[in-house]
Structure formats: structure tokens, C-alpha cells
Visitor: 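Quick one: the structure is below, questions incoming.
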Amino acid sequence: MPATRRKHVVVVGNGMVGQRFVETLRQRDTGGRFSITVVGEEPRRAYDRVALSSYFDGVSAAELDLVAAGTYDSPHATLHLDESVAAIDRAASTVTTSRGRTLDYDVLVLATGSYPFVPPVPGRDLDGCFVYRTLDDLDAIRAAAAAAAEHTRGRRAGLVVGGGLLGLEAARALRLLGMSPHVVELAPRLMPLQVDEPGGAVLRRLIERLGVTVHTATSVAAVEPSGGRLLATLANGTELDLDVVVFSAGIRPRDQLARECGLAVGPRGGVAVDARCRTTDESIYAIGECAVVDGHVYGLVAPGYDMASVVAEQLLGRDATFTGADLSTKLKLLGVDVASFGDALAATAGALEVRVENAVENTYAKIVVSDDASTLLGGILVGDASRYAALRPLVGRRLPADPVAMIAPTGGVDLDAGALPREAQICSCNDVSKGAILDSIVEHGLTDVAGIKACTRAGTTCGSCVALLKPLLAEAGVEVGTGLCEHFDVTRAELFEIARSQRIGTFTELVQRHGRGRGCDTCKPAVASILASLGHGYVLDGEQAALQDTNDHFLANLQKNGTYSVVPRVPGGEITPEKLIVIGEVARDFGLYVKITGGQRVDLFGARVEQLPLIWRRLVDAGMESGHAYGKAMRTVKSCVGSTWCRYGVQDSAGLAIDLELRYRGIRGPHKIKAGVSGCARECAEAQGKDIGVIATDAGWNLYVGGNGGARPRHADLFLTSVDTRTLVRAIDRFIMFYVRTADRLQRTSTWVESLSADGQDGLAYLRGVLVDDSLGICAELDAAMESHVAHYSDEWADTLADPERLRRFVSFVNAPEVPDPSIQWAPERGQIKPLIAGPTLEVVS
Amino acid sequence: MRTVEAVEAAKAMETDVWDSVCGSRDLPVERGVAALLGDVQVAIFRTYDGALFAVGNQDPFTGAFVLSRGIVGSRGETPTVASPLHKQVFDLRTGRCLDSDGVVIPTYPVRERDGYVEVHVGTEAGRASR
Ligand code: SRM
Ligand SMILES: Cc1cc2nc3c(=O)[nH]c(=O)nc-3n(C[C@H](O)[C@H](O)[C@H](O)COP(=O)(O)OP(=O)(O)OC[C@H]3O[C@@H](n4cnc5c(N)ncnc54)[C@H](O)[C@@H]3O)c2cc1C
Ligand code: SF4
Ligand code: FES
């Protein structure tokens with residue numbers, strides 16, 4: 001028990017900065033000198049507003065929660081939510097709240113943040129008009145979008161007023177909600193505060209490509225109701241039919257409480273504070289977005305965190321001041337990189353600019369340097385911000401290289417954390433220097449990025465500095481290497497060679513002789529895949545079963561509610577009416593949801609584990625087999641109908657696709673493998689988007705390799721021209737086997753082929769050398785491996801059904817094999833079922 | 001952590017309500033099983049060294065009852081299971097999530113007797129996850 005009474009600190013606002021203040025004070029107040037009461041107006045405790053938009057990507061409110069475990073467990077820290085402070089009585093040193101509570105304070109900290117500015121546009125209060133600041137705002141926008149989907153026919157549309165950083169995030173959110181977004185910006189370019197004229201032009205092209213319509217140099221004149229929707233008229237006369245309008249035209253500090261009790265405010269609003277964050281009343285502080293320091297309101301979280309720390313230090317009797325902040329930003333808009341740092345708009349006297357614009361790739365990079373070209377002052381990156389993390393900490397320092405080389409698109413200087421001095425700030429959000437990170441690595445014996453994040457908080461806010469953390473581990477002498485995970489220091493390809501040459505057949509032996517620990521969800525499935533490629537046994541016997549992801553373990557794809565989906569193989573997409581009928585009957589009898597996949601087959605969703613063998617019994621009896629949709633395995637060979645039916649076809653593409661799919665079915669690899677065969681150059685099978693693509697020519701087949709759809713689409717490279725079927729198949733055999741042996745874990749053929757082109761070597765030429773000219777002398781081995789695979793293939797579902805021992809695992813509950821999992825529930829949708837999801841249940845302890 | 005285990009085990013002994021869940025051979029090494037005890041779902045694991053662990057079967061990040069189907073392994077010295085949905089890793093001994101501060105799943109005392117695996121949910125049922 002401390003001899004003196006604890007001082008009572010009242011914090012108004014439980015936003016990002018208010019919460020950080022509480023945590024900082026609690027942590028540093030080792031003498032137990034303070035008790036804290038927080039009053040927060042929102043119904044939920046502090047959450048990560050910076051990541052607010054990820055709510056529309058499926059991140060839940062619980063995952064956005066920011067409050068460190070245990071913060072309010074103590075009797076000396078109390079949080080009142082859904083309650084606001086209504087007035088401050090400075091004479092009595094009390095505040096009163098919306099619920100009629102009166103709280104005495106010794107110290108009052110205002111952390112009320114800001115509110116979105118809504119320009120005085122007629123109609124701005126209509127239903128359908130929103131702002132974008134809180135989770136409640138986002139819920140309201142989502143509900144309006146859903147309601148619009150009910151009554152608006154055709155494409156729904158939304159307008160975002162304001163083309164700054166937040167406005168573009170809001171536009172993206174509208175797009176995620178299925179609307180066509182418009183953005184209107186008063187300035188002649190998007191993000192006028194961060195980006196210059198040419199950068200703005202590149203940004204606009206990139207944003208428009210995302211399906212956002214951009215209106216610059218104009219404003220909204222009026223919004224009015226129109227036939228159940230909204231009609232917005234822009235100052236330039238454009239009329240837009242809309243379902244929602246989101247105002248994102250800047251923020252204003254919430255300084256009303258301060259005004260009403262006579263504290264000084266800034267000329268353009270904001271609670272006026274000195275460098276110690278003190279208001280004109282010395283027992284009242286203001287921090288975060290509601291404060292104005294030296295004429296500046298900071299709309300970013302990092303300066304707010306600094307202020308939180310400054311005030312905590314003051315209270316503990318130590319001096320600390322806030323000295324301004326880094327206003328660097330990096331836009332998180334999906335697919336479009338924008339970064340702006342330091343003196344981005346070259347305001348410093350005599351500053352020089354170096355620009356590199358690439359109109360083909362749509363990238364723009366600019367750095368601003370001092371008049372003698374020696375010091376980096378700032379910069380702008382649009383379209384490709386990969387150098388942001390390395391450049392930002394160099395601001396105010398001597399350039400390590402020629403300015404042009406630093407932003408040159410290719411052959412540029414490699415910038416990494418190694419070049420930085422110890423004082424350089426690595427994480428601007430949490431103000432963590434390189435030296436502090438290196439010290440904590442050594443002091444706490446950290447071995448990975450997760451450890452650095454936990455110990456120093458670097459990388460835990462906007463995430464843009466994470467790329468620099470790994471190199472720091474290496475610099476501190478921690479071996480990071482290219483190892484698979486903490487259990488193996490070697491790569492997948494090296495592990496493959498070890499297992500092959502030393503004939504190691506179990507995970508236990510591999511990890512005991514060449515690794516450490518007991519493995520994890522990274523190395524175990526990788527080893528399972530290696531063992532599957534080396535042996536040709538059943539993948540679920542003995543110890544191997546324990547290595548598999550749940551998909552391979554139940555030979556089906558796990559869905560979000562714990563049920564599985566079933567995909568029978570349909571080689572080349574060709575299927576008889578009888579099989580199709582059986583699939584339909586099975587779906588009906590087991591109540592499964594049915595969908596045609598993007599891979600020319602049928603997916604049946606919603607099977608419980610104990611139903612899987614019953615379902616497969618019927619499919620196998622009807623002549624179907626596993627489609628390996630669950631495995632890092634050969635998936636589909638997509639085909640068009642080809643010359644048999646199509647008036648343009650020049651070869652039998654469907655026939656070849658079926659042959660190839662049957663030849664390669666069951667192969668497991670570093671990642672999934674997909675192929676396509678088109679009957680002529682019209683390319684209806686999209687073969688060039690596949691790992692292996694075949695296109696018919698008058699004289700035979702063209703072979704393409706390394707194509708990919710997905711997140712980073714890549715057109716396949718032409719590998720062989722007009723070859724006969726035998727030559728074609730041989731080349732594909734070798735391509736697959738070479739990939740299986742040498743690629744990294746979860747590396748598709750596209751990135752694998754690209755990785756072969758290192759150090760000026762032409763990857764395709766190298767691959768042709770290996771696979772056609774046998775430059776490594778391994779072709780005989782690759783051929784033998786494929787022959788052996790083909791000879792030993794057998795359907796793993798048929799094998800499973802044939803063996804009661806193997807069927808034992810297919811129960812929901814080991815103690816009640818007949819009982820279906822009661823947590824699995826359905827709701828109807830469009831005549832079929834959909835899962836009812838329980839949702840997260842995060843239980844937080846100290 | 002030892003003390004936590006000891007306390008839980010002691011509590012369990014006092015009331016002595018152990019549910020027999022399956023035969024020892026039904027619990028493979030490093031691959032979990034799920035059991036339904038009343039309305040509590042428990043995920044039970046045996047690690048390579050023969051140690052037994054029982055935790056709640058519900059993945060707290062999604063609400064789905066799937067943890068018994070995760071991959072068992074180790075992080076440092078800690079025996080772990082990774083959620084099969086989004087791969088968050090949990091300490092099998094304490095139920096703590098190693099990838100997300102403050103997230104914890106229930107743990108239950110578990111033992112092997114006369115060829116049977118037994119779990120004690122009894123008095124702990126109140127904090128079950130459904
Ligand atoms: C079912 C299906 C969507 C559909 O309803 O059409 C689907 C569903 C899934 N895809 Fe896909 N993909 C499906 C066709 C595709 C296609 C189109 C195609 O194959 O022609 C692509 C792009 C082509 C490509 O792969 O290059 C595709 C690119 C992906 C990717 C991105 C891969 C990449 O290299 O970037 C993933 C993520 C991954 O694998 O890491 C993915 C992952 C997934 C997963 C496995 C996600 C997961 O882990 O749960 C989905 C599970 C399927 C399930 O539960 O049954 N799916 N996915 C399609 C199944 C095809 C089939 O018959 O087997
Ligand atoms: C969509 C979006 C994206 C963003 N992206 C970034 C980014 O990438 N990088 C970045 O640095 N910043 C970003 N920001 C800004 C960042 O979120 C803010 O700088 C930060 O949240 C400020 O913290 P704060 O505590 O001052 O204010 P807030 O987080 O707004 O918290 C203030 C809290 O006080 C409450 N309050 C107000 N008045 C009262 C009262 N009288 N009584 C009780 N409670 C009250 C409010 O309801 C609110 O909960 C973004 C903001 C948004 C909206
Ligand atoms: S790719 Fe050629 S053969 Fe195949 S369907 Fe299209 S046009 Fe016909
Ligand atoms: S710079 Fe934002 S988290 Fe480090």
C-alpha cells in the first residue's frame with residue numbers, strides 16, 4: 001500500500017490514443033501512484049481504426065480489438081463504455097457524463113479524436129448518407145448496401161465525397177460491397193496532400209482500373225431523393241444515380257468539451273496544447289487527433305502515440321516533449337501502392353526532385369533531395385511502393401547511393417536495413433529505432449519477426465515496416481536463412497534431396513536427423529508431400545497420416561463451419577449423363593449444396609466427416625474417383641470441346657485433356673498443378689493461364705509452361721512449338737517431375753519458372769536445356785519417376801473404402817460415432833443450404 | 001504451468017468425475033480426436049512422447065468446432081496444435097494462443113487408465129465454449 005492516496009486520472013475517449021495512454025501509464029506506473037477511469041462514447045472498447053477497412057475483408061470486430069490483455073482487470077483501472085463526458089467543471093475538478101455520473105479528477109486527459117467533416121451540401125442528412133470513421137458507421141453502410149441490393153435492379157452505385165486517403169479506402173469498401181464507386185475530389189488530383197501532379201495522374205489510372213470512377217476538380221452541389229434512390233448533382237453538371245453517399249472530406253478535432261469549459265482552442269479548432277501536451281489548465285492534457293500542437297492537428301496515429309507517452313512521462317515526474325511527427329503514409333488500397341514520406345511535395349527551399357515515371361507499368365517514383373543532392377528529404381511512390389520501407393528511414397540522412405539508382409525500376413541499388421544507422425527509425429507508427437530493435441533481439445534472444453513485434457511493438461500498426469524486421473534479425477547475428485520453419489534449416493528442395501538420397505521414409509527420422517523439435521503446420525505437410533512423391537503408397541497410413549493438413553487427412557476440403565466439400569474428378573470436364581445423375585442424387589440425398597466450379601467440375605458442400613465415406617461409396621460405385629481438390633496435387637486439365645465438335649478446332653483437345661488428366665492424377669507437389677488444352681488458337685480452355693498449357697496447331701501442339709490465375713496472374717511461356725503428342729507428353733512428364741523435386745513449399749510453377757531466371761540466366765532456356773537436352777543428365781530419372789507414378793496410381797477414396805481400419809477416422813466424435821456435430825447448422829438460401837456460423841468467441845485473459 | 005496442471009488435476013481428483021472417451025488405441029500419436037461430453041466438445045491429443053492433452057474443440061477465431069483436426073507440433077519447447085482453419089497456434093498445455101495475445105481456449109484434465117483415455121470436464125463444464 002502506498003502511503004499517499006492514488007491520484008485519479010480521468011481519460012475522455014477510448015480510441016486508439018486514449019487506450020495507448022492508459023496502457024503506457026499502467027506499464028510505467030510501477031509505484032502504483034495512479035488510478036484511471038476511462039469514459040468512452042462508442043459501445044465497444046478501443047479498436048484498430050487504422051485497419052478499419054479490413055472489416056470489409058472479413059476481419060471481425062473482435063480481431064480489431066486493441067486493448068492489451070489485463071488492462072482493466074485491476075481495481076485501479078475502470079472503463080465505462082457507451083457513455084460520454086458531457087461537461088467539465090474545472091473549478092470543482094469534476095466531469096459529468098451522459099449517464100449522470102460525476103467523476104472527480106486530479107488529472108484529466110482529453111483523447112476525443114475527431115469527427116468527419118461533412119460539407120454543407122443540401123441533402124447531406126438524407127437516408128443513405130454516411131461518414132466513415134467508426135465500426136458503427138461501417139455496419140450502417142453495409143446494411144444500406146444490403147438493403148439497396150433488395151430493391152435496386154442492376155448495378156448499385158455509391159459516391160465518396162473526398163479523394164484523400166480515407167476517401168479512397170471508402171471507395172474500395174463500396175466496391176467490396178458490390179457497388180460501382182464514384183469519387184469526387186475538389187482538388188485537380190487524388191490524394192492532393194500526399195501526391196504531386198504526375199503521381200496523381202498515375203494514381204488516377206490505377207484507381208480507375210479498379211472500377212472506381214474519378215471526378216476531380218469538382219464537388220457535390222446537391223443530393224436529393226429520387227425514386228427510392230439518391231440523385232447527386234456535381235458542380236460540373238454531372239448527375240449520378242446512387243444508393244449511398246459517403247462523406248470523407250477531412251476531419252475536425254472534437255474540441256467542444258474544451259471550448260465549453262473555457263480552455264484555449266486553435267484558430268482552426270483543436271484543443272490548444274504546448275509541447276508537453278498541456279492545455280491552458282495545467283491539470284488537463286489533450287492528446288491524439290483532438291489536440292493542436294504548434295498549430296498542427298495530426299490526423300495519424302503515430303504522433304498520437306507519441307503524445308500518449310509524453311503525458312505518461314509527465315505524470316510520472318519525468319520531462320518529455322512532443323517534437324512534431326513524421327507524416328509519412330502508405331495507402332493500403334488493395335492492389336494500388338501509394339506512399340508519401342518526408343517532404344514529399346518538395347517544400348524545402350532549394351530542394352531538388354528526381355523522378356522516374358513508367359507509363360507502361362503505371363508506376364511513378366520521386367525522391368526529393370537537398371540542394372546539394374546529398375541528403376534525402378522525402379519522396380512519393382505510386383504503383384509500386386516496395387521501396388518505401390527502406391527509403392523512409394533514410395529521410396534526413398546522407399544518400400547511400402546515386403539518387404536515380406535508388407528508385408530505378410530495375411537493376412536499382414538494393415536498399416536494406418543494413419545501410420541504416422542505429423538511430424534510424426524503423427517503425428514510424430510506434431517510434432522504434434533500428435538500435436532499439438537490435439538491442440531487444442540480443443537482450444531477449446529473439447529469433448523471429450513475431451518476437452520482435454511482441455517485444456518492441458514495431459510492425460504492429462500499419463505493417464509497412466515488417467519487411468525490414470527480418471534483415472535486422474540477420475544483422476543481429478540470428479540465423480534466419482531460407483529454412484522451411486523453426487524445425488528445418490533447409491529448403492523444401494534440399495529436404496527432398498536429403499530424403500531421396502538417404503532413403504528416409506518418415507518424418508520422425510527426418511526431423512531427428514536433420515531438424516529439431518516436433519514439426520508444425522508448415523513443415524509437416526511439406527514433408528508429407530515429399531514422402532508422397534518419393535513413395536507411391538497410400539498417403540494416410542502410419543505416421544504419414546499425422547503430417548497431413550485436415551484436407552488430406554479426410555480427403556475432402558474443410559469449409560468454414562467444419563464441414564467438408566466433395567469434388568469427384570471429371571477428366572477434361574467431360575461427363576456422362578449417368579454420372580451427372582448420380583452426383584445429383586447424392587447431393588439431394590445428403591442435403592449438400594451444389595456448385596459448378598471454375599475447374600469444369602461439380603463441388604458438393606456441407607458434408608460432415610461421418611458422411612464422407614457414405615457419399616464416396618455411392619460415387620465410387622458409379623465409377624467416379626477422387627478429384628484431389630483437397631491436395632497440393634494435380635487438379636484439373638481444363639479443355640474445350642475441340643475438333644470433334646467445334647467448327648474451328650484443329651486437334652482433339654478434349655481427348656488429349658482427358659489423357660493428360662488420367663496420366664497425372666494423384667501427383668502431389670509443392671503446390672497445386674493445373675493444366676489446360678485448347679483446340680485452336682482461340683484458346684477457349686484458357687490454357688495460357690495454367691501451369692501447363694497446350695494449344696493445338698495445324699501441325700501438332702504448342703506447349704506453354706508457368707501460367708497462373710489467382711492473385712498474381714501470369715501468362716504461361718511458350719516452351720515447345722508444334723510438337724507431336726509423344727514429344728509433348730514426355731516434356732510435360734519431365735516438367736512436372738522437375739518442379740516436384742526442386743520448387744519451394746507453396747511455390748506454383750509460375751514463380752518457380754521465374755526463379756530460374758536469376759543472375760542474368762534465361763530461365764526458359766535453362767529449363768529447355770534440362771528437360772529437352774538433358775543438360776543435367778537427370779532426364780532418365782525424371783522419366784522413370786513419372787512412369788512409376790503412372791503405373792502405381794490408384795484412387796485413394798476407393799482404397800480408403802476398402803479398408804475398415806482406414807475408415808475409423810471418419811467420425812465427428814470418438815466417443816459417439818453416430819452423433820452428428822450439433823454445432824453444424826444450416827439456413828436456406830436460393831433453394832439450397834448455407835452454413836450458419838457461430839462466429840468468433842475470443843476469450844481474453846490476463 | 002506445472003502448478004496450473006497440478007491444481008486442475010487436484011480439483012479433478014476431488015470431484016472425481018472422469019469421462020471415459022475412447023480406447024487408448026483410438027488416440028493416435030500427434031493426431032487429435034474430438035469427444036462430445038454433455039454439450040461440451042473436447043479435442044484430445046497424444047504427443048510423440050506419449051503425453052496427453054485435452055482442450056476445447058472450438059476454434060475461437062471462427063467459432064467452428066475443428067481444433068481436434070489441427071496439426072500437432074512444437075514451438076520451441078511448447079507442444080502445440082494449429083487451427084486447421086486459419087493456422088493460429090495454441091499451447092496444448094495452457095490453451096493460450098501463441099499468435100494472438102490474450103486469446104485462450106479451455107483446457108481439461110486428461111489421463112489414461114486401464115487402456116482407456118479419460119477426460120475430466122465435470123466442474124469445468126461451466127466455462128465450456130458453447
Ligand atoms: C471450388 C473452386 C471455386 C469455384 O466454386 O469454382 C475453388 C475453391 C477454392 N480455391 Fe481456387 N477454386 C477453384 C478454382 C480456381 C481457379 C480456376 C481454375 O482452376 O481454372 C483458380 C485460378 C487458376 C490458378 O490456380 O492459377 C483458383 C485459384 C486459387 C488460389 C490462387 C492460387 C495462386 O497461385 O495464386 C487459391 C489459394 C491457394 O491455393 O493458395 C485457391 C484456393 C481455393 C480454396 C482451396 C481455398 C481454401 O483453402 O479453402 C477453395 C476451396 C475449395 C473447396 O473447399 O472445395 N484457389 N481457384 C474452384 C475449384 C476448381 C476445381 O474444380 O478444382
Ligand atoms: C478509415 C480510417 C483509416 C485510417 N488509416 C490510418 C493510417 O493508415 N495510418 C494512420 O496513422 N492513421 C490512420 N487513420 C487515423 C487514425 O485512426 C487516427 O489518427 C487515430 O484513431 C486517432 O486516435 P484518437 O484516440 O486521437 O482518436 P479516435 O481513435 O477517434 O478515438 C477517440 C474516441 O473518443 C471518443 N469520444 C469523443 N468524444 C467523447 C466524449 N465526450 N466522451 C467520451 N468519449 C468521447 C470517440 O467516440 C472515439 O471513440 C485512419 C482513420 C480512419 C477512420
Ligand atoms: S478453342 Fe478452338 S476448338 Fe476449342 S472451342 Fe474454342 S474455337 Fe473451338
Ligand atoms: S511503420 Fe507502421 S507498423 Fe511499423
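Chain naming here is simple, since letters A, B, ... match the order of the sequence lines and numbering starts at 1 in each.
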Visitor: Counting heavy-atom pairs under 4.5 Å with chain A, which one of Asp26(B), Val66(B), Ile44(B) comes out on top?
Guide: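 Of Asp26(B), Val66(B), Ile44(B), Asp26(B) has the most heavy-atom pairs under 4.5 Å with chain A.
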Visitor: Supply the atom-to-atom distance Ile824(A) CD1 to Phe65(B) CZ, rounded to the nearest 0.5 angstrom.
Guide: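 So the CD1 of Ile824(A) and the CZ of Phe65(B) are separated by 10.0 Å.
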Visitor: Count the heavy atoms of every other residue, nucleotide or ligand shown that sit under 6.0 Å from CG of Asp114(B), and state whether that count exceeds 12.
Guide: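 At most 12 heavy atoms, drawn from other residues, nucleotides or ligands, come within 6.0 Å of this atom.
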Visitor: Can you list every salt bridge (charged side-chain N to carboxylate O under 4.0 Å, His left out) pair that touches residues 543-562 of chain A, not counting sequence neighbours?
Guide: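 Qualifying pairs: Asp549(A)-Lys87(B), Asp552(A)-Arg668(A).
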Visitor: Would you list the pairs meeting salt bridge (charged side-chain N to carboxylate O under 4.0 Å, His left out) in which at least one residue belongs to residues 68-81 of chain B, sequence neighbours left out?
Guide: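 Listed once each, the pairs are Arg75(B)-Asp99(B).
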Visitor: Could you tell me which non-hydrogen atom of Ala35(B) sits nearest to which non-hydrogen atom of Val814(A), and how far apart they are?
Guide: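 Distance-wise, the nearest heavy atoms are CB-CG1, 4.3 Å.
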Visitor: Going by the rule side chain to side chain donor-acceptor pair (under 3.5 Å), which residues pair with Thr550(A) if we only count those two or more places apart in sequence or in a different chain?
Guide: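 Expected list: Tyr564(A).
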Visitor: Does atom OH (Tyr116(B)) have a neighbourhood of more than 12 heavy atoms from anything else shown, all under 6.0 Å?
Guide: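 Result for OH/Tyr116(B): open.
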Visitor: Considering only heavy atoms, which portion of Val819(A) lies under 4.5 Å from any heavy atom of chain B: side chain, backbone, both, or neither?
Guide: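 Contact with chain B: side chain only.
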Visitor: Need one label for Val89(B): side chain, backbone, both or neither, based on atoms under 4.5 Å from any heavy atom in chain A.
Guide: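 Contact with chain A involves the side chain of Val89(B) alone.
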Visitor: So how far is it from Asp821(A) CG to Leu36(B) CG, rounded to the nearest 0.5 Å?
Guide: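 Rounded to the nearest 0.5 Å, the CG-CG separation comes out at 8.0 Å.
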Visitor: Could you grab the distance from atom OG of Ser60(A) to atom CZ of Phe61(B), nearest 0.5 Å is fine?
Guide: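 The OG atom of Ser60(A) sits 9.5 Å away from the CZ atom of Phe61(B).
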Visitor: Return the option, out of Val81(B), Leu27(B), Thr62(B), Val33(B), with the maximum number of heavy-atom pairs under 4.5 Å with chain A.
Guide: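 Highest number of pairs under 4.5 Å: Thr62(B).
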Visitor: Contact part of Ala545(A) toward chain B, heavy-atom cut-off under 4.5 Å: side chain, backbone, both or neither?
Guide: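 Only the backbone of Ala545(A) comes within 4.5 Å of chain B.
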Visitor: Give, as side chain, backbone, both or neither, the part of Thr508(A) having an atom under 4.5 angstrom from any heavy atom of chain B.
Guide: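 Neither part; nothing is under 4.5 Å.
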Visitor: Roughly how far apart are Asp39(B) CG and Ser823(A) OG, rounded to 0.5 Å?
Guide: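 Answer rounded to 0.5 Å: 11.5 Å.
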Visitor: For the interface with chain A, which of Pro28(B), Gly63(B), Ala34(B) has the highest count of heavy-atom pairs at distances below 4.5 Å?
Guide: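 Result: the option with the highest number of such pairs is Ala34(B).
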Visitor: How long is the span from the CG atom in Leu37(B) to the CZ atom in Phe813(A), to the nearest 0.5 Å?
Guide: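 The CG atom of Leu37(B) sits 9.5 Å away from the CZ atom of Phe813(A).
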Visitor: Just wondering, are more than 12 heavy atoms of other shown residues or ligands nearer than 6.0 Å to NE2 in His86(B)?
Guide: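 For His86(B), atom NE2 is not crowded (no more than 12 foreign heavy atoms under 6.0 Å).
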Visitor: Answer with side chain, backbone, both or neither: which region of Leu547(A) has an atom nearer than 4.5 Å to a non-hydrogen atom of chain B?
Guide: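 Only the backbone of Leu547(A) comes within 4.5 Å of chain B.
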Visitor: About how many Å separate CZ of Arg31(B) and CD of Gln548(A), when rounded to the nearest 0.5 Å?
Guide: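 It is 7.5 Å, given to the nearest 0.5 Å.
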Visitor: Measure distances from Pro84(B) to the heavy atoms of chain A and classify the residue's part below 4.5 Å as side chain, backbone, both or neither.
Guide: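 Both the backbone and the side chain of Pro84(B) come within 4.5 Å of chain A.
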Visitor: With chain B as the partner chain, list the residues of residues 514-521 of chain A whose heavy atoms fall under 4.5 Å from it, by residue number, and write 'none' if nothing qualifies.
Guide: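 Contacts with chain B: Gly517(A), Arg518(A), Gly519(A), Cys520(A), Asp521(A).
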Visitor: Is Val29(B) in contact with chain A via its backbone, its side chain, both, or neither, using a 4.5 Å heavy-atom distance?
Guide: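 Backbone only.
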